[in-house]
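This report concerns only the one structure given below.
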Amino acid sequence: MSQPISTKPPSGMRDFLAADVVRRRHVLAVVQRVYESFGFVPLETPTIENLGTLLGKYGPEGDQLLFRVLHRREKLQRALAAGAVGELDLADEGLRYDLTVPLARVVANHRDLPAFFKRYAIQPVWRADRPAKGRFREFYQCDVDITGTRSVVADAEVCGAVAQVLRELGFSDFRLLCNHRALLRALVAEAGIPPAHEALALVVLDKLDKVGVDGVQRELADKGVPAAQSGALLRLLAEAREAGALARRAAGDGAGAEGARELLALFAAAGGGPAAAHLTFDPTLARGLGYYTGPIFEIACSDLAGSLGGGGRYDGLIGMFGKQPIPAVGFSLGLERILLVMEERGMFPPLGIGPQVLLCRLPDVTAAAAIGVATALRAQGLRVEIYADEAKLGTQLQYANKVAAPFAAILGGDEVAAGTVALKDLHTGEQVVLRVAEVGARVSRAHLPPR
RNA sequence: GUGGCUGUAGCUCAGUCGGUUAGAGCACCAGGUUGUGGUCCUGGGGGUCGCGGGUUCGAAUCCCGUCAGCCACCCCA
């Protein structure tokens, strides 16, 4: 009959209690303030997009990770009656997978935006991935993007914005890895690897640091890349990592020279901003998302397997919506990745939440009188909770400890008659009788943030 | 998507060579008489042992499946 209902949230999704929420807000407040200081304006887009908008933008693996929204009512009945079995027959909408593609749609759709549209977005996205450490199926991204310009100023600004966020949050040891798609393509081509194997080679390259030279060569061999080619690729990479290699390539006229020049220009420009100390050229950085065309970025932090954020230039994406092609570049920070590291490192300042004053009511005080006092205290700017039940004073004070209220205001018949409360400091145990009008000043003077 | 580990009270876990009514600590509630908490004492509520199936006289315990969580890959934020 009545099956027990699971009280856990769905896989990879979480409930956030007050302590979690204040930490998230703390980070988001910094993100928002910094992004706005760079002149970015907010944009919010729907949770659900048409599948046509989402499909084909992220690469085949991305398409697999899209949450689809099942047809409803007649449409579903028709599809089922027709014996439809394909995913596309059962859904034509899906949950937002990132914030970049919705931005591209908006920019393609609104032709009256400023020439350089600088928008930030802080919204959840959904991926039907397998949860792991720091990886969820619902998570928040904090994006900044600039559309309408190929200038490296834009690339430098998005890098500067995310770097400034991390610095203001207290991070100092992160690296902002940079590479260029054209450089990667050139390397792969020079190694003699056919375009068909290019994507494969890039993925393997990406983990060079983890599995080492032998591991990469083995894995490429398993996937059908001859040892001569993979060896050449690894040699070229080692070269690319040498000091001055990027400048030499930029000075030449071979493949990737243009990309190298762009990267150097980006380093020079961003070097004037908050990203300066963090920029790191990493010729093995690949990034899986399909839409990147030029410089690509990723934020690496020592004690996290994944990245704190990533981004890059995607000059072809907006044009995929069938209108005018518009160049764009952006960066995305992962809120929960940042929170994870900040929690591990104890980087949060004291964050207060909950009542500053618990109003304890004795039996000879009416509810209306208590609410009247609470109202007066709230008018003084205090966060005030009234103990709702009728209970012994001891029980009420114990509850005040439970909710971490720094003060209890004890209200009995005598106090009501005199227009006072007995204000008890729950840390020191000191208690003074004050007129109601004096409580606000006393509490804010003595108040130390809880926790 | 691949491999491994785990799943007992709200939380952290004990209990498992299969054997009566499944335990602890913390948390919660109530008491230790009048309007004073954080300590202490006493008592109490709360669990279809993730779910489904199988083996057995008997399963939290063994087997299979499934779901969920964690870790390492893959990928990403």
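Letters go in sequence order (proteins before strands), and every chain restarts at 1.
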Checking all strands, does [X] fall into the base, sugar-phosphate, or nothing category for heavy-atom contacts under 4.0 angstrom?
{"X": "K392(A)", "answer": "sugar-phosphate"}
{"X": "D364(A)", "answer": "nothing"}
{"X": "E415(A)", "answer": "base"}
{"X": "F136(A)", "answer": "base"}
{"X": "A408(A)", "answer": "nothing"}
{"X": "G62(A)", "answer": "nothing"}
{"X": "I299(A)", "answer": "nothing"}
{"X": "G12(A)", "answer": "sugar-phosphate"}

In this structure, how many angstroms lie between the [atom2] atom of [N] and the [atom1] atom of [X], rounded?
{"X": "E390(A)", "N": "A30(B)", "atom1": "CD", "atom2": "C1'", "value": "17 Å"}
{"X": "Y97(A)", "N": "A77(B)", "atom1": "OH", "atom2": "P", "value": "7 Å"}
{"X": "K8(A)", "N": "C11(B)", "atom1": "NZ", "atom2": "C1'", "value": "13 Å"}
{"X": "D129(A)", "N": "C73(B)", "atom1": "CG", "atom2": "C1'", "value": "13 Å"}
{"X": "I122(A)", "N": "A77(B)", "atom1": "CD1", "atom2": "C1'", "value": "14 Å"}
{"X": "R96(A)", "N": "A77(B)", "atom1": "CZ", "atom2": "C1'", "value": "14 Å"}
{"X": "K133(A)", "N": "C71(B)", "atom1": "NZ", "atom2": "P", "value": "6 Å"}
{"X": "L28(A)", "N": "A77(B)", "atom1": "CG", "atom2": "P", "value": "18 Å"}

Taking the minimum atom-to-atom distance to the side chain of [X], which one of [options] wins?
{"X": "R135(A)", "options": "C74(B), U36(B), G37(B)", "result": "C74(B)"}
{"X": "A422(A)", "options": "G37(B), G69(B), G35(B)", "result": "G35(B)"}
{"X": "S307(A)", "options": "G35(B), A77(B), G37(B)", "result": "A77(B)"}
{"X": "N401(A)", "options": "G35(B), C28(B), G37(B)", "result": "G37(B)"}
{"X": "S332(A)", "options": "A30(B), A77(B), G37(B)", "result": "A77(B)"}
{"X": "K402(A)", "options": "A30(B), A27(B), G37(B)", "result": "A27(B)"}
{"X": "T395(A)", "options": "A30(B), C70(B), U36(B)", "result": "A30(B)"}

Does [N] pair with anything, Watson-Crick or G-U wobble, both distances under 3.5 Å, and if so, with which nucleotide?
{"N": "C49(B)", "value": "none"}
{"N": "G18(B)", "value": "none"}
{"N": "G23(B)", "value": "C13(B)"}
{"N": "G43(B)", "value": "C29(B)"}
{"N": "U36(B)", "value": "none"}
{"N": "G69(B)", "value": "C5(B)"}
{"N": "U56(B)", "value": "none"}

For U36(B), does the base pair up with any side-chain atom of Q396(A) as donor and acceptor (N or O, under 3.5 Å, distance only)?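 By the distance-only test, no, there is no pair.
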Once hydrogens and angles are ignored, does a donor-acceptor distance under 3.5 Å link the base of G3(B) to the side chain of R130(A)?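 Yes.
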Should we say atom CD of E390(A) is surrounded by more than 12 heavy atoms from elsewhere, each under 6.0 Å from it?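 Incorrect, the count does not exceed 12.
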Could you work out the separation of [N] and [M] based on their [atom1] atoms and round it to a whole Å?
{"N": "G54(B)", "M": "G7(B)", "atom1": "P", "value": "23 Å"}
{"N": "A14(B)", "M": "G25(B)", "atom1": "P", "value": "16 Å"}
{"N": "G45(B)", "M": "G31(B)", "atom1": "P", "value": "16 Å"}
{"N": "G43(B)", "M": "C26(B)", "atom1": "P", "value": "14 Å"}
{"N": "U33(B)", "M": "G69(B)", "atom1": "C1'", "value": "49 Å"}
{"N": "C17(B)", "M": "C41(B)", "atom1": "P", "value": "34 Å"}
{"N": "U34(B)", "M": "U20(B)", "atom1": "C1'", "value": "49 Å"}
{"N": "C62(B)", "M": "C5(B)", "atom1": "P", "value": "14 Å"}

Tell me which one of F174(A), F297(A), F267(A) satisfies ring pair (Phe, Tyr, Trp, His ring centres under 6.0 Å) with H278(A).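 Only one of F174(A), F297(A), F267(A) forms a ring pair (Phe, Tyr, Trp, His ring centres under 6.0 Å) with H278(A), namely F174(A).
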Distance (rounded to the nearest 0.5 Å) between L358(A) CG and Y387(A) OH: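 Rounded to the nearest 0.5 Å, the CG-OH separation comes to 8.5 Å.
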Would [X] and [Y] count as a cation-pi pair here, with the cationic atom under 6.0 angstrom from the ring centre and within 45° of the axis?
{"X": "R127(A)", "Y": "F139(A)", "answer": "no"}
{"X": "K57(A)", "Y": "Y291(A)", "answer": "no"}
{"X": "R23(A)", "Y": "F348(A)", "answer": "yes"}

Quick one: on RNA chain B, does Y387(A) or I410(A) contact a more 5' nucleotide (nearest heavy atom)?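 Per heavy-atom nearest nucleotide, the more 5' residue is Y387(A).
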If each of D425(A) and F139(A) is mapped to the nucleotide of RNA chain B with the nearest heavy atom, which maps nearer the 5' terminus, i.e. the 5' end?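 Taking each residue's closest nucleotide, the earlier one in sequence belongs to D425(A).
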Would you please confirm or rule out a distance under 4.0 Å between OP1 or OP2 of C67(B) and any side-chain N or O of S11(A)?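 No.
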What residue among R135(A), R137(A), R14(A) forms salt bridge (Lys or Arg N to Asp or Glu O under 4.0 Å) with E336(A)?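 When R135(A), R137(A), R14(A) are each tested with E336(A), the salt bridge (Lys or Arg N to Asp or Glu O under 4.0 Å) holds only for R14(A).
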Among R105(A), R68(A), R96(A), find the one that has a salt bridge (Lys or Arg N to Asp or Glu O under 4.0 Å) with E49(A).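 Single salt bridge (Lys or Arg N to Asp or Glu O under 4.0 Å) partner of E49(A) among R105(A), R68(A), R96(A): R105(A).
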Between R313(A) and D155(A), does at least one N-O distance fall below 4.0 Å, as a salt bridge requires?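 A salt bridge links R313(A) with D155(A).
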So, do Y140(A) and A77(B) meet the stacking rule of ring centres under 5.5 Å and planes under 30°?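 Here the ring of Y140(A) and the base of A77(B) are not stacked, as the 5.5 Å and 30° limits are not both satisfied.
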